Amino acid sequence: MTVTETKPEDKASSTDLVEYDPNLVPLPPPPPDGLVGALSTYDHKTTGRLYIGTSLLLLIGGLVLFALVDVERTTPDQLGTLLTDDFFFQVFTLSRVGVVLLGVLPLLLGIGSYVVPLQVGAPAGAFPRASALGYWTWALGSGLFVAGYLANGGFAGGSAEGVELALLALLLIIAGLSLTTIAVVATVTTMRAEGMTLQQVPAFSWSMLASGFIWLTTLGVLAGNVILIWVDYRYEQVLFGDAANQWLQVSWLFRLPAIYLLAIPVLGFIVDAVSTMSGQRPAPYGALLGTIGAFSILSFGAWAQTAFDDSITQEAVYIAVAVVIVLPVLAFTGATAAMMRTKPTVSAGLVHAVFALLLLLLSVVVGALYVIEPLNLVGTSWAMGHTKLVIGVGIVGGLGALQYWGGKIWGLQPPEALARLEALVLTVGVLVWAIPELITGLNDQVALGDVTGVVDDVSGASSLNGVAAVGGAIVAAGAVLALLNNLRPMLRKRTVGADADPHGGLTLEWATTSPPPHGNFREPLPPVRSCSPLLDSRVDGDGDMSDGLASEQKDRA
Amino acid sequence: MSSSMIEPGHAPPERPRVLLMGTALSLIPVLMAFAGLFGIYLHQRAAELAVSGDWLDDQIIPLTQPNMMAITWVFSAFTIQMAVWSLARRDRSMGLLGLLLTMVLGLAVLNQTSLLVSTMELDKATPVGILVPAIVYAHALMTLAGLVFILLVSFRVLAGQYLEHPEGVAAAALYWYVTGGVYSVIWFAIYVTK
């Protein structure tokens, strides 16, 4: 066999191009604009925007279905008012998957996909094509998943083809989300700016790193469950594929402690928003990163599969996790509150951040109470109240992050007044949505999902379920407000229209134009020395990066 | 513009083995999927043994093919390491030979898996009759993905890449080692211990 020992790239030479260095990341040419650009993108910014836009629409759909299930529960003895008995359980499962895997998680992943490369000073995201493939795989999987339900399939569905379609679509969803998550985590671990150590990574990027690991491990186990259900469903439907058992094997994802995985990136957003609006370094930074890390580790919940061992909720480790997870959240809240002593600028992003933190505090306390034996709350709708609260943290925090980085993402800052209203509506909605479940849980209303189609007629539960339905509708309305708030910036042509640094930011994403140019930064970034590089440059007086570099880049753009 | 060139003005950061890191990250969900499946298998096995004292009953899993596959995996670990080692020393011929041998051995593993599945006598109306094929097929799929990975890397080596810096080949090797590692668990927990 004839082979050449000369690398093809060695032959290339040009005076206006830098010679290839295998240690440097080659920057691909700018992607085309418009629809062609969106379809063939390898730019992390376009991938992030696609995730955000699609997941917002799917989130609203999932929330409407969630509310529909609650409406149906107002007449427990007469299932079929809105939905037929069989279809009720399908809508129930579709709403859970819709909100978590088609709504909140991809929304946070989309924001991470956009913001993380900017925060770590990378000219591009790692594996940009794999990340884009992840989006399209997830989008295709989401469409097929809904189609499977429309064909009377999904979990415990009546049509064999529909059930199989939904199961395979769920595998596509998992694969897509995993691919993009890998790209985000690889960006943080391998593409940081010169001098930026892992301890100096901005809090949101750190939280995406931590949540990325937890998402990958959790989604992997979920994929194993779905494979088993599908294989058994195709053959004999002995145990795993049996209609009554299908949902039970994946329901652990929507319960304590796994559901906390939606809240991890929100912690990073809270630190970034509070420190920026307070104009001071997040401190103690190591402790803050540590609490986010501890919270992440404790939110790994794939081991708590009640389908195979229903006594697991009485195990010491389960109880310990549910109680101990309060500690990092308390420590985090204390550190965040200390940062706010300097009277921060009250922007809509900060309002979202504070509300999300308060909801998280409430949810971890509710989670800790859930496992306390004398209260007998296990198996009651208290669990659903807890799930709704954590989903609320993800929604309020995720949409807050979208508002905070809105100008950077869209090139036009979404209106602040409407965003403040949105934060209020969402938070009130989440409370009205979740608290009735807690009350009915105290009255021993059985949690939905433990058995297909069961709705218990507990005294007073009907009216409280109605209140929960109203809460769900309010949350959905809040999500619609967020969509409307972002609609104009979302649909406009991508030109520089927003301030590069409207908040006086501390991290590198504020050192470039809004939206950033191809390659993210037009100038080489100076070495990073701390977690707040822009504050360093202001303090040192060696060139205000946030003003000087960004405005220069804006001029060039 | 050639993709191997960098526009002036940009200062791309150093790339500490992005592909290797990406491969390691992509192995996390795969490993966790198998961990979940093994967990369910072992849990079901323990529960069944506690109740009836019998797990496989009259069902048969032959041991000849699994043992041959285990030996094949060990050989393929050597051949892919030979590829990495050779390419790091700019010996492309030996590197390609190592990759080619690994692919042949991988195909042999798939062939033996197919034979094993056809000779296993499992009752699909029992949990073990579902769990074993699910795990075996999932691993066959992982092996197939590894073969595609090695094939793509081989094309790149043919095109003159990965000499001295065999990161892509090392990433493929990492994937291959982990796939072999998962097989070793299947071999011991399912085929041998049953």
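Keep in mind that what you see is a predicted model, and the values were worked out from it rather than measured. Note on naming: letters A, B, ... go to the chains in the order of the sequence lines (proteins, then strands), and numbering restarts at 1 for each one.
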Might you point out which heavy atoms bring [X] and [Y] nearest each other, and give the distance in Å?
{"X": "Q44(B)", "Y": "F308(A)", "value": "NE2-CD2, 3.6 Å"}
{"X": "I182(A)", "Y": "G22(B)", "value": "CG2-O, 3.9 Å"}
{"X": "P127(B)", "Y": "L239(A)", "value": "CG-CD2, 4.1 Å"}
{"X": "G36(B)", "Y": "V221(A)", "value": "CA-CG1, 4.4 Å"}

- Query: With a 4.5 angstrom heavy-atom cut-off, which part of L219(A) approaches chain B: side chain, backbone, both or neither?
  - Reply: neither

- Message: Is Y235(A) in contact with chain B via its backbone, its side chain, both, or neither, using a 4.5 Å heavy-atom distance?
- Response: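 Side chain only.
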
- Most heavy-atom pairs under 4.5 angstrom with chain B, which of I227(A), N225(A), L228(A), I174(A)?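 With the most close heavy-atom pairs to chain B, the winner is L228(A).
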
- Item | Residue, of A125(B), A134(B), A47(B), G39(B), that accumulates the most heavy atom pairs under 4.5 Å with chain A | A125(B)

- Message: Looking only at heavy atoms and a cut-off of under 4.5 Å, which of I28(B), I135(B), I130(B), V30(B) has the most pairs with chain A?
- Response: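 Of the options given, most contacts go to I130(B).
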
- Message: Need one label for L131(B): side chain, backbone, both or neither, based on atoms under 4.5 Å from any heavy atom in chain A.
- Response: both

- Within 6.0 angstrom of R89(B) CZ, more than 12 heavy atoms from elsewhere: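 More than 12 heavy atoms, drawn from other residues, nucleotides or ligands, come within 6.0 Å of this atom.
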
- More than 12 heavy atoms of other groups within 6.0 Å of W85(B) CH2: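 Not more than 12 within 6.0 Å, no.
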
- Rounded to the nearest 0.5 Å, how far apart are CE of M21(B) and OG1 of T190(A)?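 M21(B) CE to T190(A) OG1: 6.5 Å, rounded to 0.5 Å.
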
